[in-house]
Amino acid sequence: MSFPTGFVWGAGTSSYQIEGAVDEHGRGPSVWDAFCRTPGKIKHGDTGDIACDHVARYRGDVALMKQIGLGAYRLSVSWPRVMPGGDGAVSEAGLAFYDRLVDELLGAGITPYVTIFHWDYPLALYRRGGWLNPSSASWFEAYAGAVVDRLSDRVRDWITINEPQVFINHGHTTGENAPGLRLPIGDITRIVHNTLLAHGLAVRCIRERARTRARIGWAPVGLVNSPVGDSPAEVEAARAKTFAIEQPGAWNNTWFNDPVLLGRYPDEVLGLVAEHLPAGWERDLEAMRQPVDFLGLNIYQGGRVSLGEGGEAVPVRQETGRARTAFGWSITPEALYWGPRFFHERYKLPIVITENGLANLDWVHLDGRVHDPQRIDYTARHLGQLRRAIRDGVPVEGYFHWSLLDNFEWAEGYDQRFGLIYVNFETQQRIPKESAAWYAEVIRTNGRSLGPLGGEAVPANAAGADQARGGGS
Ligand code: IFM
C-alpha cells in the first residue's frame, strides 16, 4: 500500500545546527553562541561556529536533497541573522541568504517549509529579559513579519515555533540547554504564556502579510503514551495519560496545544499555576488561538502503558536489553500510530510529522560508504505505523525525517549523528548514507517500497510477529 497522492516527503534541519557563519551577514550572537562558550556546557567544548558550514555550502546541500528526491525541506531562519539585535534593524545580507536558499530549493523542485524559531534566540533580547519580558511576544511578531515580508512571495508553508516544551524546559528549568537557566515554576508559567502568545501573534501576522496563501502550523513535541493492547478501555487510558498534566512543569502536551488550538488553558494548569499567569491572561487566549492549517508533531519515541485496576494507564516496565538508539531513546514505532491518531482526534487538524529519526553510531566503512541499517529499520517501522494511522483515517499530510545532515546536536555537540547524510566535521565532506538511498526509493515509490508489512508487526526486540503484543520496552 502506498501513501496518499500528494503526501509530502521531506527532511529537516535548523539554522544553528547546520549554518555556521556566525559572524557573517552582520549576524548578532544568540543565546547558543554564549552557552557554547560557557565551559562544561557542551560535550568536548563543541560550538555551532562552523557546524555543517551550510551557509557556504547550501548549493551542494540542495543538490544532495534533489538527489534523494525530497519533495520538501524544512529549514529554520536564524533570528539573529535576520535581526542582529533581536528587534529593530533588519540585516539585508541575512535576509538575502534565505532568499538565495529558497530560490535554490524552488529551482530544484523542493518545497521549503520555513520554521521561524528553532531556539537560536538573540542574545540582545535575552539581556532584556528574554521570554520573561512581557514584550517578548511582540518582538517575535516583528521578527516574523520581517521574514514573511521577504519570503512569502515564494514560501507558502510556515511553522512558527519548534518544540516549545524543549527550549523552555531544557533551557529554563533544567538548564541543560541555552540559556542555561533554572527558573521556578512561576517564571516558567510566564515564559510559556509569552511563547504561546508569540505563536498566535506570528500566525496572525503571517495571515495578514503573506503574499501567497499561507499554510501555517507549529511543531511541538508529541509526547505519546501508546496502549499495549487495543481494547477501548486501554486506548482511552493511554489517551488520558497522553493528555494529562501530572506535575507542574513544561513537559506535557496540553499546556501548549490547548491554548493555541482550543483557546483555553487546561484545568490542571489553572489548578497548578493560575496565580503565576500575567494579569489579563484571559484576554491573550483569543490572540493565542489563531486558525492553523496543520499540527506539526515531533515524535521520536513514546511510552507504553497498560491498564491498571482502576482503569488508569500504568507505565509498562522497560524491558531489559530494550531496543534503543545511540542516544538511548527507546524504539517504539507505534508512537507514530497513536500520536497522530490521538492528536488528530483531540485537535481535529491534519497532521504533519515535522521530525522523526534517530541518532546512530555511523562511521565510514572500509568500502568508503556509510552503512546504517539501524536507521533504515527504525524509519521503516515508523513509516509503517504512520501508514497504519492514515489507513485508519488520520489525515497525515507529510513526514520530515530528522535530519538531512549530521549536525550540531545541542549539548551533545557533534556526538549524536541524526543525518541521512554523513558529515565529516573536519573536512566538511558529505557522504549520503545507505539510508539516504533507501529513503530515495521510499519517496520514488510513494512508500510502496516499504512492502506490505512496512515494519508494522514485528517488535524491534523480537524475531516474530507473534510477539508483537507481548509487552513493552
Ligand atoms: O536535533 C534536535 C532538534 O533540534 C529538535 N528536535 C529533536 C532533535 C534531536 O534531538
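Each ligand, and each atom within it, is numbered from 1 in the order the structure gives.
- Numbered from 1 in the order shown, with element, the atoms of ligand 1 that lie under 4.0 Å from a heavy atom of Glu355 read 3 (C), 5 (C), 6 (N), 7 (C), 8 (C).
- Considering Trp32, Tyr98, Tyr121 as possible partners of Trp79, the one that fulfils the ring pair (Phe, Tyr, Trp, His ring centres under 6.0 Å) test is Tyr121.
- At a 4.0 Å heavy-atom cut-off, ligand 1 touches Trp329 through the side chain alone.
- An N or O contact shorter than 3.5 Å is missing between Trp119 and ligand 1 by distance.
- Taking a cutoff of 4.0 Å between a charged side-chain nitrogen and a carboxylate oxygen, Arg27 and Asp23 do not qualify as a salt bridge.
- Using bins of under 30°, 30° to 60° and over 60° for the plane-to-plane angle, the ring pair Trp363/His365 lands in the parallel bin.
- Taking every non-hydrogen atom of His118 and a distance limit under 4.0 Å, the qualifying atoms of ligand 1 come out as 3 (C), 4 (O), 5 (C).
- The nearest non-hydrogen atom to atom 10 (O) of ligand 1, considering only Gln416, Glu163, Glu409, comes from Glu409.
- Side-chain atoms of Asp120 never come within 3.5 Å of backbone atoms of Ser78 as a donor-acceptor pair (strictly under, hydrogens ignored).
- Nearest residue to atom 8 (C) of ligand 1 from Phe418, Tyr300, Trp410, Phe327 is Tyr300 (criterion: closest heavy atom).
- What you find for Tyr300 and Glu355 is that their closest heavy atoms are OH-OE1, 2.5 Å.
- Residue contacts with ligand 1 leave out Tyr16, since none of its heavy atoms falls under 4.0 Å from the ligand.
- With Trp410 as the partner, the ring pair (Phe, Tyr, Trp, His ring centres under 6.0 Å) test is satisfied by one option alone out of Phe167, Trp119, Phe35: Trp119.
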